[in-house]
Amino acid sequence: MTSNPSKRRKIVKKFVDEKKQIIRLGFPSISTKFAEFPIDIAADIGCEVIKEFLRLHRGLDFELVMIEQDSKVLNAFELKWKEIKDDLDAFKFQTKNGNLLQLKSDFGIECRFIVAETTWRMKPGTNQLNKQIFDAVGSRLHEELKRLYPNPGVVGEAYPVQIPKDSDLHIDEGIEQIIFVVSPNMNPSRPDPVSLGKAKELLKKTYHSMLNAFWELKIGQEYRPITTKKEKGSAFDILMKSASKSSFKTSAESSKRILPKVGGKGWTNVLLPYCQSPETFPKSEVYYYDDELVIIYDKYPKAKKHLLVIPRKYIDNIEELKKQDLQLVRALKEKGQCVIEKMKQENPKLFFRMGFHAVPGLRQLHMHVISQDFISPSLKHKKHWNSFTTEFFKDAEEIEKILEERGEIKFNKEYYENLLKSPLKCHLCDTKSIKFIPDLKKHLEEHWNES
DNA sequence: GTTCTAGAAC
DNA sequence: GTTCTAGAAC
């Protein structure tokens, strides 16, 4: 694909265009004003979530801007950020002392998206900033909010709304959407106060929702708060549905779902909730689901793109597969292939493998769909590397074949676990020897840049 | 599965 | 000084 010069030019041009146009999110500190959440803890939580978000999205085309009138709050965030920011580019998250609604006129920083706090009713004027926004946009804003979100808002969720093109906020400030967040309250004289413990958890959730909403809007997808129904008929749904010609299972099948035995260490069960109720997770975690399977983003991706395709029926691991599960394995493969095609459309440089770990660490059968760049901050240990680049990784193709021929799958645990200790070896070339993970990571970057 | 830590090895 | 390894806790 790199030999095609016109295609390559297109990629480069797209990159330059995106670089020119930086999409920004402007937001205030959440819950530290009227909600009386302790400032230092808020800064800890806010900065951690921001850090996690920047890690996940290492693009160059966006920026986060926190803008606050209260310099005590700003200082707390600045200090905390300095402490934890690691190698994350400073310019992707900046702080400013001023008014969120005058970022462009005061600082020349245009934010296409801004955040404002609200309460579960989403009524106008619940706080100062909120009031200024409703004053500036007029009654149309409240009507639009009511239309989009007829049900009460959930604390911790984000509710984006477009503002009219003829409003001053759009014309003067370049603001396109306001992401309203229902933030936790600790002030006993305001509605629904919660304890510090609960508020911490909810504040974290609020920052997550805010950033997820921003990200989805930025990449042109509609953000779906957990209280609203999933939309049908998008181009994406059509692409995914088109694959399931042979083995579409009805809900009668899924109702027969066998429940897993309780047990195992807590962390081994983390995949189960996704199978049982995928609809309760945000789009940022669940990529796709239907009656038969669910596709999620790996929480600790070991490459630029790393997803898990999981059957919704409970199957503990590959060794539990029987010949009658062949159709299921084929369905996983088929949907995995759809994901790959979609991802390759977005970035033609990517190429993929899909398959299973011979000895998985988590309960519930899961097929990895992983791009072969292996560039990711979550790839840290030899074990990670070897689990995807040695025989330990079993291609879906192979599993299908074994199941077809032998009707069951059995792997020697000890043999495969020992493979994880093998010396590091590049999966793309015969480099003499790479001793350390940091060297391997540098080497992988070179491969990526050359591709 | 991850994170954190201590001590060993390079 | 950096990186690895192994073990504990979650």
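A, B, ... follow the sequence lines: proteins, then strands. Residue 1 opens every chain.
Side-chain contact between A/Leu365 and A/Phe356: present, with at least one pair of heavy atoms (C-beta onward) separated by less than 4.5 Å.
The separation between A/Ile84 atom CD1 and B/dT3 atom C1' is 16 Å, rounded to whole Å. Going from atom CG of A/Asn269 over to atom C1' of B/dT2 covers 15 Å, rounded to whole Å. Rounding to whole angstrom units, NZ of residue A/Lys435 and P of B/dA9 are separated by 13 Å. Here the P atom of nucleotide B/dT3 and the NZ atom of A/Lys51 are 10 Å apart, to the nearest Å. Atom CH2 in A/Trp385 sits about 18 Å away from atom C1' in C/dC4, given to the nearest Å. Atom pair A/His384:NE2 and C/dT5:P shows a separation of 13 Å (rounding to whole Å applied). Per the geometry, CG belonging to A/Asn418 stands 14 Å off P belonging to C/dT5, to the nearest Å. Taking atom CG of residue A/Leu362 and atom P of nucleotide B/dT2, one finds them 8 Å apart after rounding to whole Å.
For A/Lys382, counting side-chain heavy atoms from C-beta on, the closest listed nucleotide (C/dC4, C/dT5, B/dG1) is C/dT5. For A/His357, the listed nucleotide lying nearest its side chain is B/dG1; candidates were B/dT2, C/dT3, B/dG1. For A/Phe436, counting side-chain heavy atoms from C-beta on, the closest listed nucleotide (B/dG1, C/dT3, B/dT3) is C/dT3.
Here A/Lys421 lies out of heavy-atom contact (under 4.0 Å) with every strand.
Applying the ring-ring contact (aromatic ring centres under 6.0 Å, His included) test between A/Tyr149 and each of A/Tyr159, A/Phe180, A/Trp120 identifies A/Tyr159 as the sole match. Applying the ring-ring contact (aromatic ring centres under 6.0 Å, His included) test between A/His306 and each of A/Phe374, A/Phe388, A/Tyr300 identifies A/Phe388 as the sole match.
Listed pair A/Lys380 / B/dT3 meets the phosphate criterion, a side-chain N or O lying under 4.0 Å from OP1 or OP2.
By the 30° and 60° cut-offs, the orientation of the rings of A/His427 relative to A/His447 is perpendicular.
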